[in-house]
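Single-structure report; data block below.
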Amino acid sequence: MSVTFSKAELNDIPELLKVERAVFSSPWTAEAFLGEFTANQYAYYILAKLNDEVIGYAGIWLVLDEGHITNVAILPEYQGKGYGEALMQELIFVAKKFGAKHLTLEVRESNQPAQSLYRKLKFQNGALRKNYYPDNGEDALVMWVDLT
């Protein structure tokens, strides 16, 4: 079984919410996604599917030659199987296609599995954003990578 990717569209919001609610302690709302698809000209989201079932998604804001990764999520039952890495590789491919030369993201300081994945993909540690996450005030590690 191999994962496939497609560009997420407005009508995919229910699937995005399903993944969002299963993965994050402070999930985005339908309104937040609606804004991404209708008002944010820089937003681009991709779906990860396995046998036509959405198992994850990722989002990025592409501004000039910079990309800011907003969300990366794989349903818990599919985590640890390489799908997150494949999703990130697809997101990097999309970013390069749109001319991005650098990518940044924030990750919970406690999320060691995600940090390990990002380091595997050549992301480096940057700054620390204090009290970044609203659910528990956890700090976020800013990571970045040059794509050139």
Side-chain angles (χ1 to χ4, degrees), residues 1-111 113-124 126-127 129 132-135 138 140-148:
M1 296 187 295
S2 64
V3 66
T4 60
F5 303 100
S6 61
K7 182 179 180 191
E9 304 289 345
L10 188 61
N11 63 341
D12 293 313
I13 289 177
E15 292 293 332
L16 296 173
L17 288 171
K18 175 184 160 193
V19 174
E20 186 77 6
R21 291 174 181 147
V23 173
F24 297 116
S25 56
S26 293
W28 281 20
T29 63
E31 293 76 21
F33 280 112
L34 185 62
E36 289 293 278
F37 285 105
T38 60
N40 186 348
Q41 66 182 354
Y42 305 111
Y44 192 99
Y45 287 81
I46 57 176
L47 300 174
K49 294 181 182 178
L50 194 62
N51 298 328
D52 293 324
E53 176 192 356
V54 174
I55 64 163
Y57 81 94
I60 190 168
W61 295 340
L62 296 158
V63 182
L64 301 174
D65 65 349
E66 299 280 333
H68 178 74
I69 298 170
T70 58
N71 311 63
V72 179
I74 296 289
L75 287 172
E77 60 268 31
Y78 295 100
Q79 292 177 7
K81 300 177 182 346
Y83 299 123
E85 182 175 351
L87 179 59
M88 281 295 297
Q89 288 173 338
E90 180 70 13
L91 194 64
I92 290 168
F93 172 79
V94 167
K96 286 180 177 179
K97 184 173 79 171
F98 281 95
K101 293 183 170 64
H102 317 279
L103 296 178
T104 63
L105 57 79
E106 289 94 8
V107 60
R108 285 182 186 270
E109 198 172 31
S110 65
N111 192 344
Q115 290 178 38
S116 294
L117 170 61
Y118 302 145
R119 285 189 189 96
K120 183 177 181 181
L121 296 170
K122 309 297 185 216
F123 280 77
Q124 300 176 29
R129 294 198 200 283
Y132 183 79
Y133 291 97
D135 62 329
E138 185 174 354
L141 176 62
V142 178
M143 299 183 79
W144 61 274
V145 66
D146 283 324
L147 300 177
T148 54

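Positions are given from 1, in the same order as the sequence printed here.
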Minimum heavy-atom distance between [X] and [Y], given as atom pair plus value:
| X | Y | answer |
| --- | --- | --- |
| Phe24 | Ala73 | CE1-CB, 3.7 Å |
| Leu62 | Ala100 | CD2-CB, 4.2 Å |
| Lys81 | Glu77 | CE-O, 3.4 Å |
| Ser26 | Asp135 | OG-CB, 2.9 Å |
| Ala48 | Leu87 | CB-CD1, 4.2 Å |

Distance, nearest 0.5 Å, that separates [atom1] of [X] from [atom2] of [Y]:
| X | Y | atom1 | atom2 | result |
| --- | --- | --- | --- | --- |
| Gln124 | Trp144 | CD | CH2 | 4.0 Å |
| Glu66 | Leu147 | CD | CG | 9.5 Å |
| His68 | Thr104 | NE2 | OG1 | 5.0 Å |
| Glu15 | Glu9 | CD | CD | 14.0 Å |
| Glu31 | Thr38 | CD | OG1 | 11.0 Å |
| Asp52 | Leu47 | CG | CG | 11.5 Å |

Quick check: do [X] and [Y] have side-chain heavy atoms less than 4.5 Å from each other?
| X | Y | answer |
| --- | --- | --- |
| Val107 | Val72 | no |
| Leu91 | Ile69 | yes |
| Asp12 | Pro14 | no |
| Glu20 | Asn71 | yes |

### Task
Report the relative orientation of the aromatic rings in Phe123 and Tyr118; use parallel for angles under 30°, tilted for 30 to 60°, perpendicular for over 60°.
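Tilted, since the angle between the ring planes falls between 30° and 60°.
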### Task
Please work out which of the three classes, parallel, tilted or perpendicular, describes the rings of Tyr57 and Phe33, given edges at 30° and 60°.
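Ring orientation of Phe33 relative to Tyr57: perpendicular.
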Side chain [X], main chain [Y], donor-acceptor under 3.5 Å:
| X | Y | result |
| --- | --- | --- |
| Thr148 | Lys101 | no |
| Glu138 | Arg108 | no |
| Glu85 | Leu117 | no |

#### Entry: From CA spacing to verdict: side-chain contact (heavy atoms from CB on, under 4.5 Å), Val94, Lys7
CA-CA 10 Å; Val94 167; Lys7 182 179 180 191; over 6 Å; no
### Message
The test is side-chain contact (heavy atoms from CB on, under 4.5 Å); show your working for Leu10 and Leu34 and say whether it passes.
### Response
CA-CA 7 Å; Leu10 188 61; Leu34 185 62; 3.5 Å; yes
#### Entry: From CA spacing to verdict: side-chain contact (heavy atoms from CB on, under 4.5 Å), Phe5, Phe93
CA-CA 11 Å; Phe5 303 100; Phe93 172 79; over 6 Å; no
### Positive for side-chain contact (heavy atoms from CB on, under 4.5 Å) with Val54, one of Leu75, Leu16, Val19
Val19
### Among Arg119, Lys122, Glu106, side-chain contact (heavy atoms from CB on, under 4.5 Å) partner for Met143
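Of the listed options, the one satisfying the test is Arg119.
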#### Entry: Test side-chain hydrogen bond (donor to acceptor under 3.5 Å, both in side chains) applied to Glu36 and Tyr44, Tyr42, Trp61, the passing residue
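Exactly one candidate clears the test, Trp61.
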### Task
Walk me through it: do Phe98 and Ile60 pass the test side-chain contact (heavy atoms from CB on, under 4.5 Å)?
CA-CA 11 Å; Phe98 281 95; Ile60 190 168; over 6 Å; no
